[in-house]
Amino acid sequence: MNKQNKKEDLGETQQNILIIGAGLCGSLLALRLGQRGYNVSVYEKRSDLRKVNMDSGRSINLAFSNRGNKAMKLVGIEDKVKALCIPMNGRMLHDIEGNTVFAPYSGREHEYINSISRGQLNALLLDEAEKHKNVSIYFNKKCKSVDFEKTTALFQDYETKNEFIEDADIIIATDGAGSIMRQSYYLGKKFLFSFSQDYLSHGYKELSILPAENGRYKTHKNALHIWGRDAFMLIALPNLDGSFTVTLFLSYDEGAYNFSNLTSKERILEFFSKYFKDALELMPNLVEDFLKNPTSPLGTVKCSPWHYKGNTLLMGDAAHAIVPFYGQGMNASFEDVVEFDKVLDTHKGDWETVFKTYEASRKKDTDAIADLAIDNFHEMKTHVNHAIFRKKRNLEMALEKHFPNEYASKYSLVTFNEHIGYKEAMLRGRAQDKAILNMLTDNELDVNGDLKIILEKIKKATEAILEDDRIAELT
């Protein structure tokens, strides 16, 4: 029986689905497809993170927000995930003198993001997926290539070194920014495949603030800490054990201090003493972490198409890797599963239509969040320190607080309004930003005046900008 007939003859949920990659997106997808009754096999190149420590030098905690939580509701584990979260109500901005200013993420008290451990969340998703007898997960199995015409994948067992081929009705690759299946699309030259990979000149290095001797947090717990210094920045997110994961974003080889020349204890301490003095006081382990942990690149991946006929599909970072500055990488991948699930309900059994429909509706939004993440990189390291930016943010917080149903900042549209797509959030958010900054620059807004009048002015100016943008797209 050939594969096409097999797809048609078998009942929908008897079909065999192969998932490449058991990271956050892959394990969530396996859980959801397992709940739907499909036979799911997941192959992961790394060891089982529940049995070994996999986190050294890799981003070990992440910002979890509404779009990600939408997926947790879908699979019924919202409360289990909430137990792993530390709420972060805003940014704690640290200036070069060590003074701090707290900037809320929203004027609505119920809107906040969460710090969550990548490892703990991944382990939970794997545990939940394996509760289903129709889901099998295999570790230490590296994918070497995918034959997207035959719907087979070649793997190598890390322990035995043996190679083997797995056959499936469909293959979904959730194997991250370095996806082997995406590489197979590109190298196969069997169809027109567009691919771009753009790196920032900056890389990142994971560091840490350890808990105090009594196990408590050494600095404010419920905030995302930012030391923005124009050309580079430091951030810190809290962990459940009283520690903070600290990340330095710095150029590889530009500027007086860069990753290429920060190679000695003296040079590292000189850099931190000059720019991050209050952070250095909390980090006696700095030099050891800095010299031990790797420096990793920051890049954006865009490609199309994500699918080949009704055989294979890219999902998560494999389809659309982004830089981490909007805290939406994980959330976007989780939202992929939610959107894919919706399409499954509509076109169940017709995989080619499922894949086409899913990509047509999803790609515009993943392109938008990729662009927004680059924007936020510049905002976090530079703009947060500018007086006009702070004036804008303070005004937006007041508008959100007094008119919670009428106004949402760009950040709120992206992060807390999970019912609208990233593209819509980007277009409206950028228009609002432009309207407010223009009027503040031209002294057309009295920030101490009547907020209702200010709101109406902003709405009117925003709609005018959106209309100009719509006309520009037609010309």
Side-chain angles (χ1 to χ4, degrees), residues 16-31 33-34 38-62 117-188 197 204-206 292-297 299 301 311-319 321 329-330 333:
N16 297 311
I17 298 177
L18 170 61
I19 297 174
I20 303 170
L24 293 170
C25 184
S27 52
L28 173 65
L29 180 64
L31 169 55
L33 292 175
Y38 292 100
N39 295 320
V40 181
S41 298
V42 187
Y43 286 82
E44 167 59 49
K45 68 179 179 181
R46 293 170 298 172
S47 301
D48 188 341
L49 59 76
R50 295 167 294 183
K51 299 175 182 176
V52 295
N53 178 20
M54 302 295 295
D55 284 330
S56 180
R58 192 161 183 251
S59 179
I60 60 173
N61 59 358
L62 302 161
S117 159
R118 175 196 292 272
Q120 288 179 327
L121 179 55
N122 208 158
L124 171 63
L125 290 168
L126 290 169
D127 287 344
E128 293 295 321
E130 284 186 332
K131 288 179 180 178
H132 298 271
K133 292 180 180 179
N134 49 321
V135 176
S136 302
I137 305 174
Y138 307 93
F139 296 94
N140 296 307
K141 308 288 189 288
K142 176 180 173 59
C143 182
K144 301 194 74 175
S145 65
V146 176
D147 188 326
F148 45 84
E149 291 183 305
K150 295 180 179 177
T151 326
T152 61
L154 174 65
F155 292 92
Q156 182 179 42
D157 188 303
Y158 269 138
E159 293 166 350
T160 66
K161 305 302 179 188
N162 292 335
E163 293 188 352
F164 59 96
I165 291 174
E166 284 296 317
D167 187 3
D169 293 300
I170 65 164
I171 300 175
I172 303 178
T174 56
D175 52 342
S179 172
I180 297 300
M181 190 160 87
R182 193 183 66 237
Q183 187 182 89
S184 293
Y185 281 1
Y186 179 75
L187 296 175
Q197 183 168 280
Y204 73 93
K205 187 182 287 285
E206 294 290 352
K292 177 184 69 175
N293 291 342
T295 302
S296 303
V301 169
N311 293 359
T312 57
L313 175 71
L314 300 168
M315 191 178 286
D317 283 358
M330 166 183 64
S333 291

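FYI, side chains are in, hydrogens and waters are out, and symmetry mates aren't considered; it's all heavy atoms of this structure.
- The two residues M315 and L313 make their nearest non-hydrogen contact at CE-CD2, 3.9 Å.
- Taking a 6.0 Å sphere around NZ of K161, one finds it holds more than 12 heavy atoms contributed by other residues, nucleotides or ligands.
- Summarising the geometry, atom CD belonging to Q120 is positioned 11.0 Å from atom CG belonging to L49; distances are rounded to the nearest 0.5 Å.
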Worked check of side-chain contact (heavy atoms from CB on, under 4.5 Å) between N311 and I171: CA-CA 6 Å; N311 293 359; I171 300 175; over 6 Å; no

side-chain contact (heavy atoms from CB on, under 4.5 Å) evaluation trace for R118 with N61: CA-CA 5 Å; R118 175 196 292 272; N61 59 358; over 6 Å; no

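- Contact record, G23 with R46: CA-NH2, 4.2 Å, taken as the closest heavy-atom pair.
- Listed for the N162 side chain is no donor-acceptor partner under 3.5 Å among the backbone atoms of D157.
- Between F164 and Y43, the ring-plane angle classifies as tilted under the 30° and 60° cut-offs.
- Two residues are said to be in side-chain contact when any heavy atoms from C-beta on lie closer than 4.5 Å; T174 and I20 fail this criterion.
- Heavy-atom neighbours of K141 NZ from other residues, nucleotides or ligands within 6.0 Å: above the threshold of 12.
- In plain terms, the two heavy atoms of S179 and L314 that are nearest each other are OG-CD2, 3.8 Å.
- At a threshold of 4.5 Å between non-hydrogen side-chain atoms, the residues L121 and M330 count as touching.
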Residues K142, Y158; criterion side-chain contact (heavy atoms from CB on, under 4.5 Å); working and verdict: CA-CA 7 Å; K142 176 180 173 59; Y158 269 138; 3.3 Å; yes

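- To the nearest 0.5 Å, the span separating SG on C143 from CD1 on I180 amounts to 6.0 Å.
- Contact check for I172 versus I170: side-chain heavy atoms found under the 4.5 Å cut-off.
- Counting all heavy atoms, side chain and backbone alike, V52 lies closest to S47 at CG2-CB, 3.7 Å.
- By the 4.5 Å heavy-atom criterion applied to side chains, E130 and I137 are counted as neighbours.
- By the 4.5 Å heavy-atom criterion applied to side chains, V40 and V42 are counted as neighbours.
- Between L24 and S333 the shortest side-chain heavy-atom distance does not fall below 4.5 Å.
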Chi angles and distances behind the side-chain contact (heavy atoms from CB on, under 4.5 Å) call for R182, V301: CA-CA 11 Å; R182 193 183 66 237; V301 169; 3.8 Å; yes

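- Closest heavy-atom contact between L126 and S27: CD2-CB, 3.8 Å.
- Between the CG atom in L125 and the CG atom in L29 there is a gap of 11.0 Å [rounded to 0.5 Å].
- Looking at K45 and D175, no side-chain N of the basic residue comes within less than 4.0 Å of a carboxylate O on the acidic one, giving no salt bridge.
- When each of V146, T151, N16, L18 is tested with E166 by the rule side-chain contact (heavy atoms from CB on, under 4.5 Å), just one qualifies, namely L18.
- When all heavy atoms are compared, the tightest approach of A123 to R50 is CB-CG, 3.6 Å.
- Between F155 and K144 the shortest side-chain heavy-atom distance does not fall below 4.5 Å.
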